[in-house]
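Treat the numbers as computed from the prediction; the structure is a model and nothing was measured. In what follows, chains carry the letters A, B, and so on, assigned in the order in which the sequence lines appear, proteins first and then strands, with residues in each chain numbered from 1.
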Amino acid sequence: MLRIHNTLTKRMEEFKPVENGMARIYVCGPTVYNYFHIGNSRVFILFDAFRSYLEYAGIKTTFIQNITDIDDKIINRAKEEGIGWDEVAEKYTAAYFEDCEKLNISRPDRSPRATEEIPAMIEIIQKLTEAGRAYTAENGVYFSVESFEGYGKLSGKRTDELMEGARVDVDEGKRNPLDFALWKFSKPGEPSWESPWGKGRPGWHIECSAMSSRYLGATFDIHGGGADLIFPHHENEIAQSEAASGKPFVNYWMHAGYLNIKGEKMSKSKGNFLLVRDILKEYKAEVIRMFILSAHYRGPLDFSGETIEAIKTAHSGIYHTLQELENYSAAPAASEEGFEGLKKAAEEERAKSIKKFKEALDYDFNTPRAFGVIFEAVAYAKKILGTKGFAVSEGSKEIMNGLASWIKEMTGVFKITPEIKPVDKEASDLVKEIEILRSEKKYEEADVLKKKLDESGYMLKFRPMGPVLIRK
RNA sequence: GGCGGCGUAGCCAAGUGGUAAGGCACGGGUCUGCAAAACCCUUAUUCAUCGGUUCAAUUCCGAUCGCCGCCUCCA
């Protein structure tokens, strides 16, 4: 049974999808005016992993993630770069897809772009104006927050308290300072689209309401995003969507905690960010994903070189063990041994382990706990590899294959399975030479070759059944 | 000012009232001609502090301290 912490109720709830065996998910995507940073990637990686787990657990998913390709920041960026706003959007949309692909993030089922969904937005705005819940003012069409009783239910804010807030702007001819733009009239020279109210561009929040309902229905299962979107973005989405449809908008709201750096939230405006494409130059996607998934999604996660190095080492441990399992099993079977008991024990262990893995993820996607299970499986595999009398044979080969597939079943869910390439012939030849020299007690010459092996990125591991060559 | 989060070993990090997962590092040891990035073992009577509820609290309640965040764009 899957349980999810719902921001709306602030409780852990059993997941009951609108349609049995199906999860319809919408996650707020990027505004394409810059490359995305490791903080932005947290949400992308997290929901990609959750989606992957749901599929693994037998729940089909429909996953939509928007691309905000028109907005003030894009327009400003275009001015800075001296190119068209659409060129900016195009450039960073392409970069977003590139970076996501490098991070092993699967493509959403759809990646709708705001500028291509304007008719759907106009439709909602029209419903709202007809119902008297939106009005036209000097600078645009606004949603009337007063008209929506449940305003504040997601963020826990009260309208009267918000009104006292000094930072709510009061201009633009809005009837109420809390009212927000559905449609912004364009100034000369700005990009614009036709609408029943005049030329302009959509407000920030309306695109998500339009796209989610268009592709997932008026009520869908999961809406995700960073915690910084709870207010006002998601609060406003709820207001305009529910006011227009008269139906509950989203059943489960999920919000990811911040990615911090030196204890402070990483953000573009603070300038303390690290771009994913730069980090990818130093660390593999698997390590970055593992880093993101090493903390529970709702809590804060601090990025530091020290932490990601520790994760890198831990990931190498999985890599090394997996290689041993595969490289030994590639060896020809020598003698047959009776490993039935061991095989049975390993299979039982695997069943228990997979159960624990699922339990961890079924409990509000507890990825750190799931990692604990993965490392326990790796430790179990190492224990078997270190068992005295465990020799290369048909039977042990089968056990090792089983161990490898068990570990990969779990790492596969997170898409952190290291790629295992067979060792080069030169390297294995080197090992043979070293063994010959060692048997002849020519240690100095052997050490020269050992150093060479080391420099070419390999290491020898010694097990009761003999040495095995693996990549570092 | 309003609202929210966090504080668990040297560091990272789980913990669903029943007696502290896991990772990294350290230390000890093993294999080895030597060595190791290899292998094994060990490492929190204690969960920011102080009270309370309970047979039992890291978990629930209250207060205090510290850090971070949202209330404006932000994933």
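Looking at residues two or more places apart in sequence or on another chain, you find a salt bridge (Lys or Arg N to Asp or Glu O under 4.0 Å) between Lys450(A) and Asp447(A).
The shortest distance between the side-chain N/O atoms of Lys270(A) and the OP1/OP2 oxygens of rG69(B) is below 4.0 Å. Taking only side-chain nitrogens and oxygens, Lys356(A) never comes nearer than 4.0 Å to OP1 or OP2 of rA21(B). Phosphate proximity of rA35(B) to Lys450(A): absent, as no side-chain N or O sits under 4.0 Å from OP1 or OP2. The phosphate of rC39(B) (OP1 or OP2) has a side-chain N or O of Lys382(A) nearer than 4.0 angstrom.
Applying the side-chain hydrogen bond (donor to acceptor under 3.5 Å, both in side chains) test between Thr9(A) and each of Glu13(A), His5(A), Arg11(A) identifies Glu13(A) as the sole match. None of Phe15(A), Phe365(A), Phe50(A) except one satisfies the ring pair (Phe, Tyr, Trp, His ring centres under 6.0 Å) rule with Tyr252(A); the exception is Phe15(A).
To the nearest whole angstrom, the two P atoms, one in rA35(B) and one in rG29(B), are 12 Å apart. Nucleotides rA25(B) and rA13(B), compared at atom C1', are 14 Å apart to the nearest Å. Taking the P atom of each, rU43(B) and rA20(B) are spaced 12 Å apart, rounded to whole Å. Spacing between rA9(B) and rC26(B) at atom C1', rounded to whole Å, works out to 12 Å. Straight-line distance between the P atoms of rC67(B) and rA56(B): roughly 35 Å, to the nearest whole Å. Comparing the P positions of rC6(B) and rC60(B) gives an interatomic distance of 10 Å, to the nearest angstrom. Here the separation of rA57(B) from rG51(B), taken at their P atoms, is 14 Å to the nearest Å. Nucleotides rC40(B) and rU45(B) are separated by 26 Å at their P atoms, to the nearest Å.
Heavy-atom contacts from other residues, nucleotides or ligands closer than 6.0 Å to CZ of Arg113(A) number more than 12. More than 12 heavy atoms of other shown residues, nucleotides or ligands fall within 6.0 angstrom of atom CD in Glu98(A).
Within the 4.0 angstrom heavy-atom criterion, only backbone atoms of the sugar-phosphate kind lie near Phe375(A); the bases stay farther away. At a threshold of 4.0 angstrom between heavy atoms, the contacts of Arg158(A) with the nucleic acid are absent.
Ring centroid separation for the pair Phe390(A) and Phe339(A) comes in under the 6.0 Å cut-off.
Side-chain polar atoms of Asp221(A) and Tyr26(A) form no donor-acceptor pair below 3.5 angstrom.
Between Phe231(A) and rC70(B), no base-stacking contact is recorded for ring centres under 5.5 Å apart and planes less than 30° from parallel.
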What does the list of N/O pairs under 3.5 Å between the protein and nucleotides 12-14 of chain B look like, with a distance for each?
from	atom 1	to	atom 2	distance (Å)
rA14(B)	OP1	His296(A)	N	2.7
rA14(B)	O3'	Asn366(A)	ND2	2.9

